[in-house]
Amino acid sequence: MSTAIIYRQQLKFVAKTSASPKSRKNHYITTNIEHPTVYRTFEYLEKLGAQVTYLPCDKNGLISAEQVAAALTEQTALVSIMLANNEIGTILPLQEIAAECRKIGVLIHTDATQAIGKIPVNVQDLGVDYLSFSAHKFHGPKGIGGLYTRRGKRLEPFFHGGEQMANLRAGTLNVPGIIGMGVAAQEALDGLDYAATEVKRLRDKLENFILQNIPDVFLNGDKQKRTPNTLNIAFQDCEGEALLWDLNEHGIAASTGSACASEELESSRVLRALGIDKALSHMAVRFSLSHFTTEKEIDYVISVLPAIIKRLREISEGK
Ligand SMILES: *Cc1c(COP(=O)(O)O)cnc(C)c1O
């Protein structure tokens with residue numbers, strides 16, 4: 001059972017729980033930059049008759065508490081907004097958003113998968129009712145994740161036919177996964193200072209080098225409100241996929257945010273949500289650092305990147 005499935009299922013069940021037959025509430029609020037596990041789940045709920053508001057982010061990828069407040073209605077059953085974005089790293093103001101929800105008693109879930117291990121996450125400070133996360137994003141084992149549920153908040157079981165976890169999740173527990181996730185969570189917690197200082201320093205070193213030495217580049221996401229490990233940057237006239245290929249040839253792993261659905265390369269929904277033009281969204285790549293990234297590696301990227309970009313731009317001009 002993959003965590004992705006756990007996510008989709010649990011969100012569905014959180015949604016189902018919140019829209020109890022008694023209340024008959026059927027309106028949900030989310031954003032247009034959610035990870036597919038959340039976004040696609042809401043699209044599915046729409047097929048089942050739910051009304052969903054997808055709040056649009058601003059050009060830096062931020063969503064405000066005011067936007068959420070304005071979208072809340074008597075019919076709103078649940079708000080689900082990510083804590084940190086997986087493509088551009090923006091950190092959303094969940095504390096303020098949750099406060100708006102609490103004012104009128106609407107349940108709030110946050111997908112904190114990209115935040116755990118990168119920034120401090122405290123469910124009490126955030127004031128959310130539900131918080132989900134996945135172990136492999138903080139160097140834990142694959143195939144395990146977690147859903148925090150505030151005491152007293154309802155949750156329906158999403159598998160039936162077993163009494164595990166107080167009847168909430170039937171099935172024999174994945175003990176190695178759970179223990180592995182616990183150890184990884186402790187290490188992630190112990191490493192938060194390192195993430196905020198050293199990982200950020202290395203990310204900033206790469207970012208500043210690029211901004212200062214390579215012309216016509218565009219940083220995606222909010223420069224300040226951003227996870228310390230993420231750098232999403234577009235190089236004008238330099239196709240992202242081609243750049244990845246070249247970087248890969250140099251032993252450098254980067255990523256385009258774009259979902260490579262079917263054979264056709266679609267540009268990233270998240271980047272398009274920022275309002276950047278479609279051509280430029282194809283030129284964005286994401287460098288993700290971690291506790292394992294070394295200064296030597298960053299210096300190496302810095303030493304080869306300008307020539308790679310120059311070559312690709314020459315090819316693109318020649319077209
Ligand atoms: C990776 C990710 C998920 C999905 O987690 P999996 O365990 O890989 O399915 C959900 N949300 C965000 C923000 C993610 O980055």
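Residues: numbered from 1 along the sequence shown. We count ligands from 1, going down the list as the structure has it; atoms in each ligand are counted the same way.
- Set against the non-hydrogen atoms of His136, the atoms of ligand 1 under 4.0 Å away are 6 (P), 7 (O), 8 (O).
- A 4.5 Å side-chain heavy-atom check between Gln164 and Arg169 finds every atom pair outside the cut-off.
- Of all the listed residues (Val38, Thr37, Asn85, Ile33), Thr37 holds the heavy atom that lies closest to atom 10 (C) of ligand 1.
- Judged purely by distance below 3.5 Å, without hydrogens or angles, the side chains of Arg272 and Ser267 pair a donor atom with an acceptor atom.
- Between the side chain of Gln95 and the main chain of Asp125, a donor-acceptor pair closer than 3.5 Å is present.
- Glu34 does not count as a contact of ligand 1, since none of its heavy atoms falls under 4.0 Å from the ligand.
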Report, one line per pair, each donor and acceptor closer than 3.5 Å where one atom sits in a side chain of residues 114-121; sequence neighbours left out.
residue, atom, partner, partner atom, Å
Gln114, OE1, Lys118, NZ, 3.4

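- Shown here are the side chain to side chain contact (heavy atoms under 4.5 Å, CB included) partners of Ala184, two or more places apart in sequence or in another chain: Phe138.
- Listed by number with element, the atoms of ligand 1 under 4.0 angstrom from any heavy atom of Asp111 are 10 (C), 11 (N), 12 (C), 13 (C).
- Per-residue contacts place Gln114 under 4.0 angstrom from the following atoms of ligand 1 (heavy atoms of the residue considered): 13 (C), 15 (O).
- The six-membered or imidazole ring of Tyr54 lies near that of Tyr39, with a centre-to-centre distance under 6.0 Å.
- At a heavy-atom distance under 4.0 Å, no atom of Lys142 approaches ligand 1.
- At a 3.5 angstrom cut-off on N or O pairs, Lys137 counts as close to ligand 1.
- Annotation for ligand 1: atoms under 4.0 Å from non-hydrogen atoms of Ser134 are 5 (O), 6 (P), 7 (O).
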